[in-house]
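Structure record follows, encoded as C-alpha cells.
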Amino acid sequence: MEVASFSVDHDRMLRGVYVSRKDKVGDEILTTFDIRMKLPNKEPVLDNPAIHTLEHLMAVYLRSEKNWADKVIYVGPMGCRTGMYLILKGDLESCDIIDLLKDTFKYAADFEGDVPAAQSKQCGNYLDHNLVFAKYEAKKYYDEVLSDIKEENMIYPA
Ligand SMILES: [Zn+2]
C-alpha cells in the first residue's frame, strides 16, 4: 500500500498550507489540504484539548462561511497533532484558500464564549477542551505563518 503523505519528507517540511492530495470522486475533485501548524519532530505538538477545541471552532466557521460552506467536506486534526486536515470540494491550490484560512484562524483566535458543540450529547470527549490554548495556537499560526505566507510554505520540500 502506498500512502502519498507518508512519502513527503517531514524532516524538511516547514509550517504552512500544502495540498496533501487530490481525489476524483465521481465527477468531482476533492482537494485535501495539510494545514501544518508545527514543525514535524522539531517542536512540541498541539496540546490535545487545544487541537480539539480548534477543530470545533474551525468546523463552525468553515461550515457557515458563505462562499465556502457548501465545499467543505471535512476538517479535523492530524493524529500526530502537528496540524489539521481540510478537505474541500474542487480542484484547488494552497493560494486559493489562504484568505479563507486567515479568516478562519482569526475567528478562532478572537473567539469568546462557550466552545461550540462542547456538550456531552454533541461531542465524544466534551471535557477535553481548552479555549485559551486553542486561541493561542490559532493566533500564533496566523501571525507567524498565514499573515505573510511564502511559496516555500505552500509547496512540499522536493
Ligand atoms: Zn468534540
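Whatever order the structure lists ligands and atoms in, that order sets their numbers, starting from 1.
Formation of a donor-acceptor pair under 3.5 Å by the Arg63 side chain with backbone atoms of Val72 is found in this model. Of the possible donor and acceptor atoms, none in the side chain of Arg15 sits under 3.5 Å from a partner among the backbone N and O of Gly83. Side-chain atoms of Asp103 never come within 3.5 Å of backbone atoms of Leu100 as a donor-acceptor pair (strictly under, hydrogens ignored).
With waters left out, the protein N, O or S atoms under 2.8 Å from the Zn ion (ligand 1) add up to 3.
Contact record, Asp91 with Thr31: CA-OG1, 3.8 Å, taken as the closest heavy-atom pair. Looking at every heavy atom in both residues, Lys38 comes nearest to Arg81 through CG-O, 4.5 Å.
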Show me the donor-acceptor pairs within less than 3.5 Å that the side chains of residues 106-121 make with the rest of the protein, sequence neighbours left out.
| unit_1 | atom_1 | unit_2 | atom_2 | d |
| --- | --- | --- | --- | --- |
| Lys106 | NZ | Asp110 | OD2 | 2.8 |
| Glu112 | OE2 | Lys135 | NZ | 3.1 |

